[in-house]
Amino acid sequence: MYRCLLIVLSLGAAAMLPVDAAAAGKSGDAPPTCVTLSGQHKAARVGTDGMVIADGDNHLRLDFGHYCDAMMKNSSVVLATDGRENVVCTQGSVLTSRAGSCPVRAMYPIDEAEYQRRARRRN
């Protein structure tokens with residue numbers, strides 16, 4: 001009985017593994033895409049797990065993947081990558097505040113209309 005359960009659980013876990021090297025984060029040659037924000041950028045919280053940023057003609061949506069305590073409890077936050085403030089990358093970026101920190105799970109380019117729509121709907 002337990003052997004069957006162990007086999008089923010093992011197969012289930014194996015099914016959740018990435019299929020290719022790119023999905024596993026082992027693309028090797030592809031460096032992370034980064035955006036350096038100016039001191040004039042605007043940011044708005046989107047729900048409890050995201051943020052939108054407008055910086056000139058660049059508009060981004062950041063996804064933290066889960067509730068971000070650091071963003072929810074403070075209005076003063078810092079986005080940084082490898083110690084470089086106002087640099088946001090597809091890998092390695094962190095939002096930090098006095099309440100803690102949240103790694104950026106994904107960064108998506110968006111247009112100005114989507115920025116405006118999401119910024120208005122913020123919670």
Side-chain angles (χ1 to χ4, degrees):
M1 172 79 172
Y2 290 111
R3 187 183 313 183
C4 291
L5 180 60
L6 183 60
I7 291 171
V8 170
L9 290 176
S10 297
L11 289 174
M16 293 172 56
L17 293 174
V19 176
D20 59 3
K26 298 178 183 175
S27 57
D29 297 277
T33 302
C34 297
V35 175
T36 301
L37 302 172
S38 72
Q40 306 301 314
H41 69 273
K42 297 177 186 175
R45 185 177 74 219
V46 178
T48 61
D49 63 350
M51 174 181 282
V52 289
I53 299 172
D55 189 23
D57 292 336
N58 290 327
H59 297 85
L60 305 169
R61 179 172 63 93
L62 304 181
D63 182 11
F64 300 108
H66 56 79
Y67 180 84
C68 180
D69 200 40
M71 177 181 68
M72 297 303 292
K73 293 188 176 181
N74 288 287
S75 59
S76 178
V77 297
V78 174
L79 278 166
T81 304
D82 296 330
R84 297 175 295 156
E85 288 188 16
N86 292 333
V87 176
V88 185
C89 299
T90 54
Q91 299 172 0
S93 295
V94 178
L95 180 135
T96 306
S97 73
R98 288 182 291 152
S101 63
C102 300
V104 175
R105 301 283 184 221
M107 176 177 73
Y108 306 100
I110 58 175
D111 61 17
E112 184 177 3
E114 185 175 350
Y115 168 82
Q116 294 294 338
R117 189 172 50 253
R118 288 180 180 269
R120 266 195 308 266
R121 287 190 308 181
R122 71 184 197 163
N123 294 332

side-chain hydrogen bond (donor to acceptor under 3.5 Å, both in side chains) against D55, all qualifying residues, sequence neighbours excluded: S38
Where at least one partner belongs to residues 63-89, residue pairs that pass ring pair (Phe, Tyr, Trp, His ring centres under 6.0 Å), sequence neighbours excluded: none
Pair listing, ring pair (Phe, Tyr, Trp, His ring centres under 6.0 Å) test, anchored in residues 68-100, at least two apart: none
Mind listing the side-chain donor-acceptor pairs of residues 69-81 below 3.5 Å, one per line with the distance, residues two or more places apart or on another chain?
| residue | atom | partner | partner atom | Å |
| --- | --- | --- | --- | --- |
| N74 | OD1 | R98 | NH2 | 3.3 |
| N74 | ND2 | S97 | OG | 3.1 |
| T81 | OG1 | V87 | O | 2.7 |
| T81 | OG1 | S93 | OG | 2.5 |

Residues I110, V52; criterion side-chain contact (heavy atoms from CB on, under 4.5 Å); working and verdict: CA-CA 9 Å; I110 58 175; V52 289; 4.0 Å; yes
Close side-chain approach of L37 and I53, heavy atoms under 4.5 Å: yes
Pairs involving residues 79-119, ordered by first then second residue, that meet ring pair (Phe, Tyr, Trp, His ring centres under 6.0 Å) (sequence neighbours left out): H59-Y115
Inter- and intrachain pairs under salt bridge (Lys or Arg N to Asp or Glu O under 4.0 Å), touching residues 103-115, at least two apart: E114-R118
Beyond-backbone contact of L60 with M107, side-chain heavy atoms, under 4.5 angstrom: yes
Contacts of E85 that satisfy salt bridge (charged side-chain N to carboxylate O under 4.0 Å, His left out) - sequence neighbours left out: none
Spatial distance of atom CZ (R45) from atom SG (C68) [nearest 0.5 Å]: 10.5 Å
Value rounded to 0.5 Å, distance of OG1 in T90 from CG in L62: 11.0 Å
Residues forming a side-chain hydrogen bond (donor to acceptor under 3.5 Å, both in side chains) with Q116, sequence neighbours excluded: none
Pairs involving residues 82-103, ordered by first then second residue, that meet ring pair (Phe, Tyr, Trp, His ring centres under 6.0 Å) (sequence neighbours left out): none
Residue list, side chain to side chain contact (heavy atoms under 4.5 Å, CB included) with D57, at least two apart or on another chain: none
Partner residues of V94 under the side chain to side chain contact (heavy atoms under 4.5 Å, CB included) criterion, sequence neighbours left out: T96, S101
